Amino acid sequence: MNVLPPNALQIPLSAPDIGEAEIEAVVSVLRSGRLSLGPGLEEFEHCIANYIGMPHAVAVSSGTAGLHLCLLALGIGAGDEVLVPSFTFIAAANAIRFVGATPVFLDIDPVTLNIDPEKIAAAITPQSRAILAVHTFGIPAEMEPILALARKHNLLIVEDACEALGAEYAGKKVGSFGDAGVFAFYPNKQITTGEGGMIVTHDAKLAARLRALRNQGRSGGDWFDHQELGYNYRLSELACALGIAQMQRIDAILAQRERVARAYDEALRDEARLLLPPLTLPARHISWFVYVARLSAEFSQHDRDALLSALAAQGIACGRYFSPIHQQPCYAAWRHRHALPVTESHAARTLALPFFTQIAPAQIAAVAQTLQSALAAWPATPSGEPHAALCS
Ligand SMILES: *Cc1c(COP(=O)(O)O)cnc(C)c1O
């Protein structure tokens, strides 16, 4: 079914934007002989700290490692509950379980696809310790009510800004609102280091603890002096060099991603069967991570999945961002614990379109046209059976 005819167009879901400067930066690290714990680490940390407007940044080996260390260093553990959306990447909830705490899933706002602040108060119990506020798809979460509730109930805030480098809320970069914020640099993110992550915080003591935890619990100069149980969550010099080179053109990268989002909006805005992401929101600046359209409510999850296969068969890679965490097999114990009607209804109809800086206008047009003809040939039947022509 997914066998492509020769010369079929092939448009990936995402692609890193790597130029000659990135290649030269990595090669020069290789030539230097210093591949870990060198000058690039500190420089990359300064780059991100300055960009976000934070005093401390701690580079780690992935966004997941960053979330894990934040929760650990903030003292969250067994018996604690952490509020988190289910409509996000699984790493957010996994990090809560890594430290022995319990994720409590919150439903989302259907427009921003972020935590619905109105759902927070009802989920708070005497065990609640923190809110893991995710800036999903680069749209800032509604931080003002989230911060107010956290203050009122004495909760910590960790921002999962792994999809939101450069996004702003009320004129301030996301990642700078909570007790700590985490960014990620997997190849589909706004910038990449291959694998990598960065924690930012206002708290110097927390930053020092994070540096020790990422480096086998070392806090002094001695390589064989381990003050506490730590991890190897270090980021290599090759990765840091890549990150520095990417950060040198962060504004251009984000501006180009926004142009791609606007081009999709223009091409698809008259399609009544699609709900498109907002281009702007009051008091917020979006940093585009993915472009996720949703099929309208008459489509079933089965329709969406069949449509994805039909597009894949034509060389267009689309994604299911996200399959709710509480419906994953490794979260079977959570499946019926929380009622998350908005999450379940919207997640079943998402369609992430190919999205990367170097996508050509002709490719955007091809995606839009292929999607629209597929939709036109798709009378969603009451049984949810997909149109035969697209299933062959
Ligand atoms: C990418 C991502 C992460 C994890 O980042 P990795 O670097 O892949 O470990 C965490 N949370 C969210 C919301 C993400 O999108």
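Start at 1 and go down the list; that is how both ligands and their atoms are numbered. None of these values were measured; they are calculated from a predicted model.
Protein heavy atom nearest atom 7 (O) of ligand 1, with residue, atom name and distance: Gly63 N, 2.8 Å. Looking at atom 15 (O) of ligand 1, its nearest protein heavy atom turns out to be Glu163 OE2, 2.6 Å. The shortest contact between atom 8 (O) of ligand 1 and any protein heavy atom is with Tyr186 CB, 4.1 Å.
A tilted orientation is assigned to the rings of Phe322 and Phe89, their planes being inclined by 30° to 60°. A perpendicular orientation is assigned to the rings of Trp334 and Phe105, their planes being inclined by more than 60° (bins at 30° and 60°).
Put simply, the side chain of Arg211 never gets that close to the backbone of Arg214: no donor and acceptor are under 3.5 Å apart.
Annotation: cation-pi geometry satisfied between Arg218 and Trp223 (NZ/CZ under 6.0 angstrom from ring centroid, within 45° of ring axis). A cation-pi contact, defined as under 6.0 Å to the ring centre and within 45° of the axis, links Arg97 to Tyr331. Cation-pi check for Lys172 over Phe177 is met; the charged atom lies under 6.0 angstrom from the ring centroid and within 45 degrees of its normal.
Of all the atoms in ligand 1, the ones that sit under 4.0 Å from a non-hydrogen atom of Thr88 are 13 (C). Remark: ligand 1 atoms within the under-4.0 Å shell around heavy atoms of Cys162 are 2 (C), 3 (C), 10 (C), 11 (N), 12 (C), 14 (C).
Close N/O approach between Ala184 and ligand 1 is not found [any backbone or side-chain N/O within under 3.5 Å]. For a threshold of 3.5 Å applied to N or O pairs, the pair formed by Lys189 and ligand 1 contains at least one separation below that value. Geometrically, ligand 1 and Asp160 share a nitrogen or oxygen pair separated by less than 3.5 Å.
Both the backbone and the side chain of Ser62 come within contact range of ligand 1, each with a heavy atom under 4.0 Å. Contacts of Thr64 with ligand 1, taken as heavy-atom pairs under 4.0 Å, involve both backbone and side chain.
Note: Tyr321 and Phe87 fail the aromatic proximity criterion, with ring centroids not under 6.0 Å apart.
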